[in-house]
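In what follows, a single structure is set out as structure tokens and then discussed.
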2 protein chains.
Amino acid sequence: MTMIKDRINALRRQMVQLGWDAAVIVGEDPHNSEYTPLRWCQREFISGFTGSAGVVVVTMDHAGLWTDSRYWIQAARELEGSGIELHRMVSVENTDWIEWIGQKMAHGIVGIDGLCMSAALAERLAKVCTVVSKPDYLDAIWPDRPLLPQGKVWIHEDSFAGRSRADKLSWLRTELAGMGCTCMLVSCLDEIAWLLNIRSSDVDYCPFVISFALVAPDCVHLFAEISKFDETPDGTVLHNYADLGRFIEGMDVQGRILADFSSLNFETAKALEKTFGRENVVSMPSPVILAKAVKNETEIEGFRKAYIQDGIVQTRFFMWLETQVTSGCRVTESDASDKLHELRAAMPDFLDESFETISAYGANSALPHYSTVRGKDAVLEPHGLYLNDSGAHYKYGTTDITRTVPLGPCTDLEKEDYTIDLKAMIDLGMAIFPAGTPGCRLDAVARRPLWQTMRNFGHGTGHGVGNVLSVHEGPQSIRQNLKDQPLLPGMITSNEPGIYREGFHGIRHENMILCKSAGNNEFGQWLAFETLTRTYIDTAPVLVSLLDREELEWLNAFNLKVTADICPFLEKSEAEWLKNKTRPL
Amino acid sequence: MTMIKDRINALRRQMVQLGWDAAVIVGEDPHNSEYTPLRWCQREFISGFTGSAGVVVVTMDHAGLWTDSRYWIQAARELEGSGIELHRMVSVENTDWIEWIGQKMAHGIVGIDGLCMSAALAERLAKVCTVVSKPDYLDAIWPDRPLLPQGKVWIHEDSFAGRSRADKLSWLRTELAGMGCTCMLVSCLDEIAWLLNIRSSDVDYCPFVISFALVAPDCVHLFAEISKFDETPDGTVLHNYADLGRFIEGMDVQGRILADFSSLNFETAKALEKTFGRENVVSMPSPVILAKAVKNETEIEGFRKAYIQDGIVQTRFFMWLETQVTSGCRVTESDASDKLHELRAAMPDFLDESFETISAYGANSALPHYSTVRGKDAVLEPHGLYLNDSGAHYKYGTTDITRTVPLGPCTDLEKEDYTIDLKAMIDLGMAIFPAGTPGCRLDAVARRPLWQTMRNFGHGTGHGVGNVLSVHEGPQSIRQNLKDQPLLPGMITSNEPGIYREGFHGIRHENMILCKSAGNNEFGQWLAFETLTRTYIDTAPVLVSLLDREELEWLNAFNLKVTADICPFLEKSEAEWLKNKTRPL
């Protein structure tokens with residue numbers, strides 16, 4: 001903890017030099033990313049806190065971390081002895097730390113790294129104090145600060161993307177014209193990767209290229225580590241990542257520029273306003289977000305193929321697991337995770353995992369943020385339930401799947417929860433609904449079987465999935481929060497209700513569902529889902545009496561379909577095992 | 001149509017005298033009421049248009065009516081020959097007429113009756129022109145303009161209200177203090193009636209007293225027709241209705257005043273701001289709205305009793321109807337309506353109908369705004385479905401119920417629609433859901449059986465119901481529109497899914513449901529509904545194979561409960577008939 005104390009002291013010396021009364025470190029990267037590349041893990045550097053949400057405020061006589069209830073226990077442990085005080089916030093949306101600054105140092109000078117704070121947040125902070133932005137100021141006290149990742153850039157082929165870069169750019173320029181804009185600054189990494197059909201390995205699990213893209217009428221100015229490119233992508237001009245600000249400053253301005261201020265960082269927003277004039281910077285949701293979410297036929301075919309790959313992998317995995325555990329071999333949660341990785345990595349077209357595998361046995365499955373750590377993980381026993389939530393990027397599609405499987409006899413409550421949660425996933429998978437329905441209105445269709453038996457779960461029911469991009473993407477979702485984005489044909493969303501009983505077991509069933517037209521009639525236009533997942537559902541714990549006729553028919557038909565699609569790719573013994581697992585109920 | 005032309009001309013002469021370039025008549029009353037008392041039917045007076053939504057704009061060379069698609073056909077017919085042009089708006093929320101004024105007479109002087117336009121709307125209008133308000137200006141050209149209604153005021157007894165006026169006022173004053181206010185202007189008629197436990201017959205179907213209530217720290221200043229009161233209600237000081245403006249002007253101001261500008265008229269809002277200063281007028285949703293919606297135990301008991309009364313009435317009605325129609329007697333929709341009224345009016349404690357009865361046979365039931373008009377109404381035949389949507393105010397509660405009943409053999413499609421719509425009502429009635437759930441999230445639970453068979457309906461699923469007040473009240477609802485008001489224990493809401501096939505038949509089943517606690521468990525707090533309605537459901541058209549086990553059990557249990565509760569009050573022959581109708585499926 002001396003190290004953290006030293007860093008705080010170094011920061012205070014820097015603050016004196018800079019004339020700051022306080023420094024605020026929110027822990028964002030310049031692109032509003034879900035996963036923060038090492039270079040921008042500033043909150044962890046200064047505090048030692050490793051959670052994914054929190055704000056550090058350092059004044060001359062106080063250092064504090066504000067974080068929400070998910071992290072109270074972890075933060076208290078990680079901050080111990082650092083001299084940093086834990087301020088407990090009720091919700092991640094709260095900004096108690098802004099009020100705190102307002103009270104403690106109204107009109108004081110507060111320093112930020114404006115590249116690493118959203119424009120919206122910096123503006124709220126500026127209401128209670130004087131905000132001074134100095135990009136990368138922590139460099140001075142962080143000698144071994146990680147550089148930008150140097151992994152090579154590759155092209156996401158048109159045969160996987162379904163649309164060429166030229167086609168996407170032409171579409172975007174037409175959109176911009178319709179919005180009265182001549183150019184656009186794209187700052188979110190998944191949007192840039194989608195728009196330019198480029199990928200790299202800069203961010204864990206998300207094959208993004210750390211960059212900014214300034215879409216001009218004649219070309220795209222791409223700001224990134226130039227050495228990462230073997231050749232310049234058609235239609236782009238490469239610039240150094242650090243040159244964005246200077247480039248904007250020197251621009252010969254014509255017309256208006258679009259930028260999505262809900263995700264744009266403060267420093268870049270200021271630069272745009274200075275060069276273009278505030279009235280010529282149009283802040284609107286990026287049109288790329290919706291275009292990216294609605295998959296084209298090529299992408300949909302790619303997803304179908306990816307789920308067959310994953311179905312093969314998971315059949316092998318669960319067969320191996322059953323054999324090991326029932327034969328008395330010692331298998332830990334980490335062993336299982338490793339085996340699954342080994343099987344996936346052996347598949348043709350596998351690129352990477354799409355997120356960190358959750359491999360959890362028994363009571364561990366009930367922990368909402370369970371992370372499998374070797375040495376601290378459980379040994380699998382031949383009874384009860386094992387939960388595995390994992391996914392992969394294949395060249396043509398991204399998977400995300402959860403299966404909960406029995407490792408032997410289950411309790412009545414395990415079976416009941418297993419079946420009721422399955423009803424929820426099936427009911428949403430079977431849902432038909434009018435065009436225009438937002439996900440928040442469908443959420444109750446999934447939850448109804450749980451609600452009727454007074455069960456529930458605290459997370460969303462479904463999130464969008466990117467195509468060899470982030471496994472979590474918007475704008476659609478299926479969850480409680482009221483949000484009016486309708487589900488549209490071509491959107492691919494997860495379907496993952498769960499039931500968690502602390503100290504006992506956790507169950508989650510997760511399929512991936514594609515929104516499709518279900519035809520028109522006198523009552524309007526109708527939509528429905530096609531389930532893309534091709535991993536069997538274990539029927540051993542199912543209490544048939546709890547299923548409706550339609551649910552039972554769906555389950556049998558699903559397992560039949562999985563078997564038909566997967567068996568041609570399996571060894572004979574594997575196929576036999578799978579057929580045995582999927583015998584109709 | 002000469003009459004309408006004469007009125008428009010008289011208005012134009014008045015506009016010249018007043019120096020107005022245009023006059024706008026929106027057709028609201030000073031209280032933002034759902035039903036407009038005759039005195040304020042200004043839009044109908046000036047245009048002849050009788051629809052419930054529309055705006056008339058008269059300039060020196062143009063007279064126009066803006067209305068939405070529900071009224072295009074009716075308006076075209078009613079305006080014919082009047083010289084008033086019909087401007088078609090896509091939705092009732094549109095304000096195309098404001099844009100029209102902005103284009104035709106930017107900076108012109110536009111006259112309004114500021115008592116009859118909401119402050120919010122007048123402010124939007126004031127952005128495109130100069131607004132001049134002259135209350136009651138139409139008096140000058142409307143010699144026989146109706147006066148305020150003179151019906152007597154009566155007291156809604158504490159034994160029905162469950163809370164005394166003194167108790168409600170004490171609660172409200174505490175609420176006001178909490179909001180930093182010393183007084184409140186209550187302008188909505190149902191809020192005043194609830195707060196002061198007073199009723200009258202000023203407004204059709206809604207037993208309100210036309211008035212304003214200024215809640216001061218020591219008393220309530222009530223502005224109404226004084227002659228309507230036999231005695232001054234305790235805790236109030238009576239003033240003439242017309243004296244509100246002058247009273248506000250002369251007030252000795254201390255502290256801040258609360259007023260709900262979403263419903264307050266422009267003239268009164270201006271008066272408050274002038275006297276109190278804009279910074280001392282707090283516009284917030286009235287706390288009375290939520291308090292009124294959450295019924296107390298006495299009110300709930302009153303509702304239960306009212307639904308038993310209505311159950312008796314409706315059993316007699318449907319028995320009479322069946323006998324008449326099957327014996328070949330000629331019965332029109334109006335005859336049926338009259339008979340139902342006669343049976344209701346004969347019940348002890350009956351006060352009035354709570355809205356105009358919809359009595360519709362066959363294809364008429366499919367029309368969304370069907371109004372039964374003698375001479376133009378259908379004759380009931382011994383086949384197909386008859387829909388009756390009606391309700392009453394009893395001294396202790398208000399009813400609203402729809403039953404669709406077979407008058408003889410039904411088609412397969414009628415039976416299918418009848419059963420599927422019944423599933424929807426039953427599913428919502430059986431719903432269990434977490435505390436905090438808003439109605440818009442439950443809406444899909446009711447619609448799911450319809451959606452799964454690609455059926456739907458265009459209206460909301462449920463609305464709140466007042467206690468001897470308006471049959472439609474907020475703030476809760478169960479409908480598509482995203483609105484975050486949770487359903488709370490004590491709220492009484494309708495449950496009325498429908499299926500309408502133009503040219504064929506319309507089906508609606510409507511019960512009234514009370515939100516109640518369903519207990520707590522490790523997953524949180526749970527709510528459910530108690531169905532208050534005690535009118536049997538005809539099972540003859542039910543296709544049992546389409547019902548789930550739980551739905552069938554619910555239906556049989558409901559009819560059994562109705563029979564048990566109603567039979568003690570019926571003649572022997574009536575009881576026999578009901579028992580026969582409610583034999584379990």
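Note that this is a predicted model, so its numbers are computed, not measured. Labels below follow one simple rule: chain letters A, B, ... track the order of the sequence lines, proteins then strands, and each chain is numbered from 1.
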Fill in the blank from the handout: Okay, B:Glu502 and chain A: the region with an atom under 4.5 Å from a heavy atom over there is neither

Per-residue contact mode, [X] against chain B (heavy atom under 4.5 angstrom):
X	result
A:Ala528	neither
A:Asp484	both
A:Arg455	both
A:Gln452	both

Practice task
Check whether more than 12 heavy atoms from other residues, nucleotides or ligands sit under 6.0 Å from atom CD of B:Glu530, and answer yes or no.
Solution key: yes

Exercise for the section: Give a yes or no on this: more than 12 heavy atoms of other residues, nucleotides or ligands lie within 6.0 Å of atom CD of B:Gln525. Expected result: no

Which residue out of [options] racks up the most heavy-atom pairs below 4.5 Å with chain B?
options	answer
A:Met430, A:Arg501, A:Glu522	A:Arg501
A:Ala431, A:Gly519, A:Gly458	A:Ala431
A:Pro434, A:Cys440, A:Ala444	A:Pro434

Is [Y] close to [X] at the side-chain level, that is, under 4.5 Å between some pair of heavy atoms?
X	Y	value
A:Phe523	B:Phe457	no
B:Arg441	A:Arg441	no
B:Arg448	A:Arg448	yes

Please round to the nearest 0.5 Å and tell me the distance separating atom [atom1] of [X] and atom [atom2] of [Y].
X	Y	atom1	atom2	result
B:Leu442	A:Arg447	CG	CZ	12.5 Å
B:Arg549	A:Asp548	CZ	CG	9.0 Å
B:Ile432	A:Asn456	CD1	CG	12.0 Å

